[in-house]
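Throughout, residue positions are numbered sequentially from 1 according to the sequence presented.
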Amino acid sequence: MSVSTAIATFRGNRVPHFKLVEHKRRWFAFSGLLIAISLFGIFFKHLNLSIDFEGGALLQYENQTGVTTEDVRTTMAEFGRGDAEVQVIGGTQVSVRTTTLNPMSEEQRGSMIDALATQAGVSPDEINRQDVGPTWGEQISRKALQALIVFLVLVTGYIALRFEWKMALAAQAALFHDLIVTAGVYALVGREVTPETVIAILTILGYSLYDTVVIFDRIKENAGSAALVAKEGYSNVVNLSLNETLMRSLNTSLATALPVLALLLFGGETLKDFAFALLVGLLLGAYSSIFLAAPLVALLKEREPKYRQMRLRAAARDAAGKGPAHREPAVAGAVASERPSLVAVPGGGSSESSKAKKKKKRKTTAAKRRRR
């Protein structure tokens, strides 16, 4: 592909011709591998839940020396608490949330408190320490799960009514793929799961559905042409629809991912947690819509008797080398070789071709010579 062709394709001025549905088994195998690795990470490496889920200790004290969050986080890391959540409020108050201090020995706890106090210019007795419970409790988790179930039911009903139930099933498969793999990425990289992470993961479901619905809408439009489906087969119609919407989906995802990437690189710790989950979800949503949801629709529809017969007839034609594009010219040539061709003449009649006239003239001449 030349540079000019690639640019024209990127701008949407040219429809690409990638064989995406033809290699659907490869995409299904790759997605299955991603899910298997993600489940391994979730069940064996486990998610690194923040203290918002598990509870811990809260340290609060005055900031008399102007320490920054990075200074405090560095000190906490020296005592194995590098994942502590540090906030400097108004430049005068420091708040540190970390896991429970009970596993630490009395000497270790004292050394950590002394180090923080010296850093902030206060005495160890001025550091207020209290144990706190999880802010994201069981009730919040239950409500979030209920909201997720209601969301999935409504979305399934909408897609089934707007398109059909097989497309709704494919969209749900893509959603669960995105959720499982995103959770698996967090488990494998060991990144801390915060309430912001949960919010981001729920948010990405909308992005994934947007791309999927756009592709499904084009599939429905193209499949509405009975002639096109009969000629190309349902899988090729899905492939055509994917190619027609491919650059729109990729450019939309790219335009959304760029500001999220900026937040991940230059935002604060809280924003980075949110941006990381969003970025992973955006990439997975773009992938699953193109390489999972649409090919799965083609697979399910090809199982219908009508489309299965079309596919078998097309396969038989391809195997015999007599596709529609080649069969008619061959027949026309065979007919032309068997009889003289006729050409139209003014007045509605017809005359023999020049070749036939010459042949007739030769026969007449030969007959005259025999009579002489």
Side-chain angles (χ1 to χ4, degrees), residues 1-35 155 159 162-164 166-178 181-182 203-225 227-229 231-261 278-302 307 311 314:
M1 181 183 292
S2 63
V3 176
S4 59
T5 303
I7 294 176
T9 303
F10 177 76
R11 291 178 174 176
N13 300 327
R14 175 185 176 275
V15 177
H17 301 284
F18 299 120
K19 297 180 179 180
L20 301 173
V21 178
E22 182 178 335
H23 302 298
K24 56 181 176 291
R25 297 187 183 278
R26 297 180 185 178
W27 316 134
F28 293 162
F30 181 68
S31 297
L33 179 62
L34 288 179
I35 292 175
V155 166
I159 296 179
R162 175 68 176 83
F163 302 104
E164 59 175 293
K166 292 180 180 178
M167 289 187 173
L169 181 63
Q172 292 293 350
L175 285 179
F176 281 106
H177 168 273
D178 296 345
V181 177
T182 301
T203 302
I204 64 177
L205 298 181
Y207 288 104
S208 178
L209 279 174
Y210 172 79
D211 283 340
T212 303
V213 168
V214 168
I215 294 172
F216 283 179
D217 190 65
R218 183 55 61 89
I219 292 174
K220 181 182 179 182
E221 180 182 348
N222 288 336
S225 173
L228 180 62
V229 176
K231 179 182 177 182
E232 300 291 342
Y234 197 89
S235 290
N236 287 333
V237 170
V238 173
N239 194 73
L240 172 64
S241 304
L242 275 175
N243 279 282
E244 289 176 347
T245 57
L246 180 64
M247 294 316 303
R248 174 178 177 178
S249 297
L250 293 181
N251 286 329
T252 301
S253 299
L254 179 62
T256 309
L258 288 177
V260 175
L261 181 62
L278 274 183
L279 184 62
V280 172
L282 284 172
L283 297 178
L284 286 174
Y287 165 80
S288 64
S289 299
I290 298 170
F291 297 99
L292 183 60
L296 185 56
V297 169
L299 179 65
L300 294 174
K301 293 292 290 183
E302 288 283 2
Y307 297 117
R311 177 168 52 84

*Would you check if the distance from the ring center of H23 to the ring center of F291 is below 6.0 Å?*
no
*Side-chain contact, heavy-atom cut-off 4.5 Å: E22 with N239?*
no
_Check: I215 and S249 side chains under 4.5 Å, non-hydrogen atoms_ = yes
*Is there side-chain contact between V297 and K166, with heavy atoms separated by less than 4.5 Å?*
no
*Atom pair CE (M167) and CD (Q172), whose distance is rounded to the nearest 0.5 Å*: 14.5 Å
*L205 side, atom CG; F176 side, atom CZ - distance, nearest 0.5 Å*: 9.5 Å
_Ion pair K301/E164, N-O distance below 4.0 Å_ = yes
_For the student: nearest non-hydrogen atoms of V181 and L34, plus distance_ = CG2-CB, 4.1 Å
_Quick one, H177 and L284 - any side-chain contact, counting heavy atoms below 4.5 Å?_
yes
*Please round to the nearest 0.5 Å and tell me the distance separating atom OG1 of T256 and atom CG of L261.*
12.5 Å
_So, taking the atom named NZ in K19 and the one named CG in N236, what distance separates them when rounded to the nearest 0.5 Å?_
9.5 Å
*So, E244 side chain and R218 main chain: donor-acceptor pair closer than 3.5 Å or not?*
no
*Search all heavy atoms of A171 against all heavy atoms of I159 and return the closest pair with its distance.*
CB-CD1, 3.6 Å
_Are L240 and N222 packed together at the side-chain level, in the sense that at least one heavy-atom pair is separated by less than 4.5 angstrom?_
yes
*So do the side chains of I219 and F163 get within less than 4.5 Å of each other, counting heavy atoms only?*
no
*Atom OG in S31, atom CG in L292: separation rounded to 0.5 Å?*
4.5 Å
*Indicate yes or no: at least one non-hydrogen side-chain atom of D178 is less than 4.5 angstrom from one of V280.*
no
*asked:* Applying side chain to side chain contact (heavy atoms under 4.5 Å, CB included) to Y210 and T252, what does each step give before you reach the verdict?
replied: CA-CA 10 Å; Y210 172 79; T252 301; 4.0 Å; yes
*Rounded distance [0.5 Å steps], OG in S288 versus CG in L283*: 11.0 Å
*Answer yes or no: are there more than 12 heavy-atom neighbours, outside R162 itself, under 6.0 Å from its atom CZ?*
yes
*Closest non-hydrogen atom pair between V229 and A223, with its separation*: CG2-O, 3.5 Å
*Check whether any side-chain N or O of D211 sits under 3.5 Å from a backbone N or O of S289 as a donor-acceptor pair, and report yes or no.*
no
*Indicate the atoms forming the closest heavy-atom contact of A173 with L296, along with that distance.*
CB-CD2, 3.9 Å
*Do V21 and S235 touch side chain to side chain, with heavy atoms closer than 4.5 Å?*
yes
*Look at the side chain of W27 and the backbone N and O of I290, then say whether any donor-acceptor pair between them is shorter than 3.5 Å.*
no
